[in-house]
Enquirer: 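Structure provided below as structure tokens; questions to follow.
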Amino acid sequence: MNNIALARAFFEIADLMELNGENPFRANAYRRAGRAIEMLPEDVEEIFERGEIRKVPGIGAALAEKVGEWLSTNEIQYLEELRQQVPPGVVEMTKIAGVGPKLARRFYAELGITTIDELEKACRKRKIRTLRGMGARTEWNIIRGIQALRERGNQIPLGVALPVAREIQAHLELLPQVKQVDLAGDLRRRREMLDKLDLVVTGIDPEEILSLLPGLAEVEEIIAKNADSIRLRLKSGPELEIVAAAPESYWWTLWKATGSSEHVAQVLALAEERGLAVVGKKGLEPTASLVEVLGEAELYQLLGLPFIPPEIREGEGELTAARQGLLPQLVELSDIRGDLHCHSRWSDGVMTLEELAQAAAAKGYEYVAVCDHSQSLTVANGLSVERLRAQHRDIQEVNEKLDNIQLLSGIEVDILTDGSLDLPDSILAERDVVVASIHSGFRQDVEQLTMRVMKAMENPHVDIIGHPTGRLLGRRDPYAIDMERVIEMAAKTGTALEINASPDRLDLNDVNAQAAKEAGVKIVINTDAHSQPELDNMHLGLSVARRAWLTKDNVVNTWSLKEVKEYLSRK
DNA sequence: GCCGTTTTCGGCCCGACTGTTTTCAGTCG
């Protein structure tokens with residue numbers, strides 16, 4: 001699919017236009033078009049070939065031409081020109097919280113600052129306050145913002161890393177000499193943020209991989225290379241390490257590279273304890289005999305253990321649990337029978353209700369809940385009581401028409417700053433599913449935020465708390481909320497907590513989801529999809545659930561429609 | 001730059017919050 005790359009080019013144009021102080025509405029047109037392309041259910045090239053690109057909302061004559069230019073040359077001249085006009089460091093500055101395009105541009109234009117380092121120095125030398133409208137507070141906030149940015153380092157979210165790694169994997173798989181390629185390391189264990197993408201490959205050596213660059217990946221620099229591995233830094237930030245293994249020891253290399261180091265050490269210690277490590281040929285490393293085992297499953301079997309899935313190989317008690325026969329049967333993607341939080345055109349989604357239902361049916365689901373935003377979220381075209389009633393009629397019509405899926409009527413109701421809900425109880429009572437979420441007042445203190453969510457859970461109509469900590473991976477920290485108390489209240493009131501599978505969120509995270517499970521709280525894995533492609537993000541939420549040791553029973557949307565309906569009506 | 005029309009121009013999503021001001025500009029969701 002070309003869609004993501006093209007959308008990214010349009011987003012970059014929009015950012016650069018804003019930095020250049022161009023008409024913000026023009027810039028926004030690029031951003032809107034980028035979003036539209038990102039959400040297309042098919043490859044933009046096919047639509048373009050059919051001559052239907054102008055039918056995509058937000059794409060007119062000028063942008064249609066740029067789509068064509070990009071498809072034929074893989075470049076947009078206008079973007080190249082913009083890149084010449086603004087130093088990359090100035091673009092970087094807008095990543096600092098509190099610094100937008102206007103400020104970055106002023107720092108550049110009025111003080112000649114072209115990098116984040118220079119900006120920090122200017123703050124410390126009290127130069128920013130010489131600008132009109134800036135004071136000591138501004139300088140302090142910028143320094144704090146820069147520190148927060150540095151702490152995040154070059155990590156990228158799982159949802160961004162996976163497609164990058166899979167593309168490289170697909171490239172390698174196409175080579176005739178390559179026998180096998182797998183994801184390894186933090187990526188295979190599905191950690192939420194990654195600073196290194198690991199791959200293991202057999203049939204090709206590092207020298208040959210080097211010769212395939214740059215067709216393989218966008219490489220910033222080569223960090224290291226030796227006989228059996230190569231490390232690069234990708235332009236998108238993270239490192240990439242490819243380990244080349246001999247065919248006969250492929251699985252062994254993959255197993256070691258999957259880690260974590262604690263898990264590997266614990267397994268090897270157990271092997272030694274069982275006397276297995278010394279069975280091998282004389283003079284070899286103690287662990288070498290294990291190479292004679294055929295694969296990962298056999299390795300664990302040899303040690304008297306069930307297979308330990310990669311997601312929980314953290315060295316945090318999984319071996320002990322396995323030895324005691326207490327390893328849970330982790331929930332699988334194929335267990336998922338529905339999605340209980342999706343948006344439609346009624347608020348800020350792009351699908352009609354029927355399109356949403358059909359898309360969910362195509363995924364083999366039994367049910368899907370439309371949970372559009374409520375009235376106070378005006379930016380997202382939130383629904384009033386009247387519009388919600390009208391939507392309900394629309395839902396009934398779709399359900400009468402389709403017999404392979406049940407469209408549930410839901411709502412994502414805002415938890416207002418005082419903890420009350422954005423819609424009256426009477427209308428919430430009419431809905432099948434009520435997701436309550438916070439979208440405002442992020443800066444309240446821990447007491448206020450915790451009380452808001454706890455109050456919402458006390459409402460008998462609230463079934464699920466949506467994205468409970470409000471974080472955006474790599475961009476915004478969770479708001480101050482006491483999850484311990486939230487989980488306690490969820491258990492007490494029988495409210496489910498959401499694992500929001502959006503690649504930007506993954507909220508709850510694995511730690512909180514595990515704590516919820518232990519407190520007896522049910523989890524729902526929702527995609528929060530606003531478009532058809534986003535329904536496919538379910539696997540990301542699932543990886544969080546697996547890392548949290550969740551089973552099918554813990555996850556509401558693995559249950560049948562009947563069971564889900566019973567659950568939703570019992571509170 | 002798009003779009004719809006009271007159709008070739010004028011509006012485009014908008015309100016809360018912050019830090020600086022003393023009436024506002026910029027950021028953020």
Side-chain angles (χ1 to χ4, degrees), chain A residues 9-11 13-37 53-67 69 76 78-79 82 93-110 123 126 128-145 148-149 343 345 347-349 373-384 412 414-418 422 437-445 448-449 466-467 469-472 475-479 502 504-505 507 528 530:
Chain A
F10 279 179
F11 293 146
I13 290 176
D15 291 343
L16 290 169
M17 286 175 80
E18 274 184 337
L19 275 166
N20 272 344
E22 306 224 17
N23 179 352
F25 293 107
R26 268 187 71 207
N28 209 33
Y30 279 92
R31 201 164 281 132
R32 275 220 318 273
R35 268 200 295 269
I37 289 165
I53 194 68
R54 295 273 318 254
K55 286 188 186 167
V56 177
I59 297 189
L63 288 186
E65 197 178 311
K66 293 202 167 57
V67 172
E69 184 189 354
I76 298 174
Y78 181 45
L79 173 57
L82 284 168
M93 281 181 219
T94 60
K95 289 184 184 164
I96 303 165
V99 178
K102 293 272 165 57
L103 285 184
R105 180 157 179 261
R106 281 189 68 194
F107 297 148
Y108 175 48
E110 296 178 32
C123 287
R126 308 183 173 187
I128 299 299
R129 66 183 70 179
T130 62
L131 300 181
R132 193 175 48 81
M134 316 260 161
R137 194 75 191 232
T138 312
E139 288 170 345
W140 189 68
N141 281 341
I142 291 173
I143 291 173
R144 238 178 29 158
L149 192 64
H343 293 266
R345 277 192 203 172
S347 65
D348 59 347
H373 291 288
S374 60
Q375 54 196 11
S376 77
L377 209 63
T378 51
V379 285
N381 192 22
L383 297 178
S384 62
E412 183 178 18
D414 260 53
I415 303 172
L416 303 176
T417 46
D418 63 354
D422 191 28
S437 312
I438 285 182
H439 293 112
S440 60
F442 296 104
R443 297 199 193 194
Q444 289 180 330
D445 63 32
Q448 281 175 302
L449 276 157
H467 44 77
T469 75
R471 71 163 177 181
L472 294 179
R475 282 186 284 150
R476 187 176 75 203
D477 286 337
Y479 36 65
S502 161
D504 292 329
R505 294 189 184 273
D507 178 15
D528 198 357
H530 289 67

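In what follows, every chain begins at residue 1, and chains take the letters A, B, ... in the order their sequences are listed.
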Enquirer: For atom C1', what is the distance between dC13(B) and dG19(B), given to the nearest Å?
Expert: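 It works out to 24 Å between them.
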
Enquirer: Between Asn381(A) and His373(A), is any side-chain donor less than 3.5 angstrom from a side-chain acceptor?
Expert: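 Result is no, nothing qualifies.
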
Enquirer: Looking only at atom C1', what distance separates dT20(B) and dG26(B), rounded to whole Å?
Expert: 11 Å

Enquirer: Within this structure, what is the CD-to-P distance between Gln375(A) and dG15(B), rounded to whole angstrom?
Expert: 15 Å

Enquirer: Please report, rounded to the nearest Å, how far the C1' atom of dC12(B) is from the CG atom of Asn23(A).
Expert: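 Checked: the CG to C1' distance equals 10 Å.
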
Enquirer: Which heavy-atom pair separates Ser374(A) from Asp422(A) by the least distance, and what is that distance?
Expert: OG-OD2, 2.8 Å

Enquirer: Using a 4.0 Å heavy-atom cut-off, does Pro24(A) contact any base of the nucleic acid, only the sugar-phosphate backbone, or nothing at all?
Expert: nothing

Enquirer: Taking for each residue the nucleotide of DNA chain B bearing the nearest heavy atom, is the 5' side occupied by Thr417(A) or by Val99(A)?
Expert: Thr417(A)

Enquirer: NA contact type, Ala136(A), heavy-atom cut-off 4.0 Å: base, sugar-phosphate, or nothing?
Expert: sugar-phosphate

Enquirer: When you measure from the centre of the six-membered ring of Phe442(A), is the NZ or CZ of Arg476(A) closer than 6.0 Å and no more than 45° off the axis?
Expert: yes

Enquirer: Can you tell me the distance, in whole Å, between the CZ atom of Arg443(A) and the C1' atom of dT18(B)?
Expert: 7 Å

Enquirer: Nearest-Å distance, CG (Asn28(A)) to C1' (dG29(B))?
Expert: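 That distance rounds to 14 Å.
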
Enquirer: With a non-hydrogen cut-off below 4.0 angstrom, is Asn381(A) in contact with a base, only sugar-phosphate, or nothing?
Expert: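 Result for Asn381(A) = nothing.
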
Enquirer: If you check the Arg476(A) side chain, which of dG19(B), dT18(B), dG29(B) turns out closest?
Expert: dG29(B)

Enquirer: Nearest 0.5 Å, what's the CD-CD1 distance between Glu110(A) and Ile128(A)?
Expert: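 With rounding to 0.5 Å, CD (Glu110(A)) is 10.0 Å from CD1 (Ile128(A)).
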
Enquirer: Ignoring hydrogens, what is the shortest heavy-atom contact between Gln375(A) and Ser384(A)? Give both atom names and the distance.
Expert: OE1-CA, 3.4 Å

Enquirer: Nearest to the side chain of Leu103(A), which nucleotide is it out of dG29(B), dG26(B), dC2(B)?
Expert: dG26(B)

Enquirer: Looking at dG1(B), dT18(B), dG19(B), which one has an atom nearest to any side-chain atom of Arg137(A)?
Expert: dG19(B)

Enquirer: dG1(B) P sits how many Å from Glu65(A) CD, rounded?
Expert: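 Rounded to whole Å, this separation is 10 Å.
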
Enquirer: Distances under 3.5 Å only, N/O to N/O: pair up the protein atoms with those of nucleotides 3-7 of chain B.
Expert:
from	atom 1	to	atom 2	distance (Å)
dC3(B)	OP1	Gly58(A)	N	2.8

Enquirer: Would you call His530(A) and Arg345(A) a side-chain contact if the rule is heavy atoms closer than 4.5 Å?
Expert: no

Enquirer: I'd like a list of close polar pairs between nucleotides 22-25 of chain B and the protein, N/O only, cut-off under 3.5 Å.
Expert:
none

Enquirer: Counting just side-chain N and O atoms, does Ser440(A) come under 4.0 Å of either OP1 or OP2 of dG29(B)?
Expert: no

Enquirer: Roughly, in whole Å, what's the span from OH in Tyr30(A) to C1' in dG1(B)?
Expert: 7 Å

Enquirer: To the nearest Å, how far apart are His373(A) NE2 and dC13(B) C1'?
Expert: 14 Å

Enquirer: Send over the distance from Lys95(A) NZ to dT27(B) P, rounded to a whole Å.
Expert: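 Whole-Å distance recorded here is 17 Å.
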
Enquirer: Could you work out which one of dT27(B), dC13(B), dC2(B) sits closest to the side chain of Val379(A)?
Expert: dC13(B)

Enquirer: Hey, does Ile76(A) have a side-chain heavy atom less than 4.5 Å from the side chain of Phe10(A)?
Expert: yes

Enquirer: Ignoring the backbone of Thr138(A), work out which of dG19(B), dG29(B), dT27(B) is nearest its side chain.
Expert: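 When the side chain of Thr138(A) is considered, dG19(B) is the closest of dG19(B), dG29(B), dT27(B).
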
Enquirer: Distance between the P atoms of dC12(B) and dT5(B), in whole angstroms?
Expert: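 15 Å, rounded to whole Å.
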
Enquirer: Within a strict 4.5 Å, meaning less than it, do heavy atoms of the Met134(A) and Leu103(A) side chains meet?
Expert: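 Yes - at least one pair of side-chain heavy atoms lies under 4.5 Å apart.
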
Enquirer: Return the pairing partner of dG4(B) with a 3.5 Å limit on both distances, Watson-Crick or G-U wobble; otherwise return none.
Expert: dC9(B)

Enquirer: Using the C1' atoms only, state how far dG1(B) lies from dT8(B), rounded to an integer number of Å.
Expert: 15 Å

Enquirer: Check every atom of dT20(B), dT18(B), dC28(B) against the side chain of Ala97(A) and return the nucleotide holding the closest atom.
Expert: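 For the Ala97(A) side chain, the nearest candidate turns out to be dC28(B).
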
Enquirer: Using only heavy-atom distances, determine whether the side chains of Thr469(A) and Asp507(A) contain a donor-acceptor pair under 3.5 Å.
Expert: yes

Enquirer: Any carboxylate oxygen within less than 4.0 angstrom of a Lys/Arg side-chain nitrogen, looking at Glu139(A) and Arg126(A)?
Expert: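 A salt bridge is absent here (no side-chain N lies under 4.0 Å from a carboxylate O).
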
Enquirer: Holding to salt bridge (charged side-chain N to carboxylate O under 4.0 Å, His left out), I want the full list of residues that pass it with Arg32(A), two or more places apart in sequence or in another chain.
Expert: none

Enquirer: Between dA16(B) and dT23(B), how far is it from one P atom to the other, in whole Å?
Expert: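 Pairwise P distance, dA16(B) against dT23(B), rounds to 23 Å.
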
